[in-house]
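Every heavy atom of this structure was used, including side-chain atoms; hydrogens, water molecules and symmetry mates were not.
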Amino acid sequence: MQTLIRCISCDGYGWHVDDFSGDVETCDWCGGLGYVYRYADGSDHRIPPADWARVADTLEQLEAERLRELGYTGSAKKPWEQEIRKGTKGGANPYEAD
């Protein structure tokens with residue numbers, strides 16, 4: 001039996017910043033997901049791509065919890081609802097006629 005846990009290497013971010021070069025690198029432990037499987041024996045393993053659809057809802061819940069721990073209190077907005085994107089192509093509502 002395995003459970004989903006936050007990656008202990010990147011703490012759920014899915015990436016690291018190299019201390020020397022400043023380059024952003026994908027976390028080797030989780031492969032960029034931020035979460036891994038923990039098995040009964042205590043070992044951690046990447047979540048295989050074949051499992052992503054099956055665990056997607058759980059990953060969303062875990063990520064929402066992580067963001068709350070960081071102090072985020074809002075909810076996701078569609079790109080066209082975001083002030084910073086208004087007036088840009090990324091901020092256009094695809095459901096409205098131009």
Side-chain angles (χ1 to χ4, degrees):
M1 179 74 183
Q2 77 268 6
T3 57
L4 289 169
I5 65 160
R6 191 177 305 167
C7 177
I8 62 169
S9 179
C10 67
D11 197 30
Y13 286 95
W15 47 268
H16 297 280
V17 176
D18 184 278
D19 290 336
F20 298 104
S21 68
D23 293 338
V24 176
E25 303 168 344
T26 299
C27 177
D28 290 333
W29 284 31
C30 66
L33 287 180
Y35 297 87
V36 294
Y37 280 140
R38 173 152 299 158
Y39 289 90
D41 65 1
S43 64
D44 295 343
H45 298 275
R46 278 189 189 182
I47 302 167
D51 291 0
W52 290 353
R54 184 175 55 80
V55 298
D57 289 340
T58 304
L59 289 173
E60 284 291 326
Q61 291 171 355
L62 291 170
E63 186 63 3
E65 289 173 21
R66 185 179 78 85
L67 290 172
R68 296 278 185 255
E69 287 174 15
L70 294 172
Y72 180 75
T73 59
S75 60
K77 290 183 177 182
K78 306 277 190 254
W80 55 88
E81 296 171 340
Q82 298 172 10
E83 284 299 319
I84 197 164
R85 293 188 180 195
K86 289 195 176 167
T88 69
K89 185 158 178 69
N93 185 339
Y95 304 105
E96 290 180 357
D98 288 331

Short N-O contact, R6 and E65, less than 4.0 angstrom: no
Quick one: CG on L67 to OG1 on T73, what's the gap to the nearest 0.5 Å? 11.0 Å
Determine whether more than 12 heavy atoms belonging to other residues, nucleotides or ligands lie under 6.0 Å from atom CG of D18. yes
I'd like to know if the side chain of Y39 and the backbone of D44 have a donor-acceptor N/O pair within less than 3.5 Å. no
Is V55 close to Y37 at the side-chain level, that is, under 4.5 Å between some pair of heavy atoms? yes
One pair to check against side-chain contact (heavy atoms from CB on, under 4.5 Å): D23 and V17. What are the steps and the verdict? CA-CA 6 Å; D23 293 338; V17 176; over 6 Å; no
Answer yes or no on whether R66 is positioned over the face of Y13, meaning its NZ or CZ is under 6.0 Å from the six-membered ring centre and within 45° of the axis. yes
Between S43, C30, C10, S9, which is the residue that forms a side chain to side chain contact (heavy atoms under 4.5 Å, CB included) with V36? C30
Give the minimum heavy-atom separation between G31 and T26, together with the two atoms involved. C-CG2, 3.6 Å
For atom CD of E60, decide whether the heavy atoms of other residues, nucleotides or ligands shown that lie under 6.0 angstrom number more than 12. no
To the nearest 0.5 Å, atom CG of D41 lies from atom CD of Q2 at 11.5 Å
From CZ (R46) to CG (D28), nearest 0.5 Å: 6.5 Å
Contact check, side chains of W29 and C7, non-hydrogen atoms, under 4.5 Å: yes
Spatial distance of atom OG1 (T3) from atom CZ (R38) [nearest 0.5 Å]: 7.0 Å
Do I5 and Y35 have side chains that approach each other closer than 4.5 Å (heavy atoms only, starting at C-beta)? no
Same cluster for L70 and L59 if Ile/Leu/Val/Met/Phe/Trp/Tyr side chains link at under 4.5 Å? no
Say you draw a straight line from CD1 of I47 to OG1 of T58; how long is it, rounded to the nearest 0.5 Å? 9.5 Å
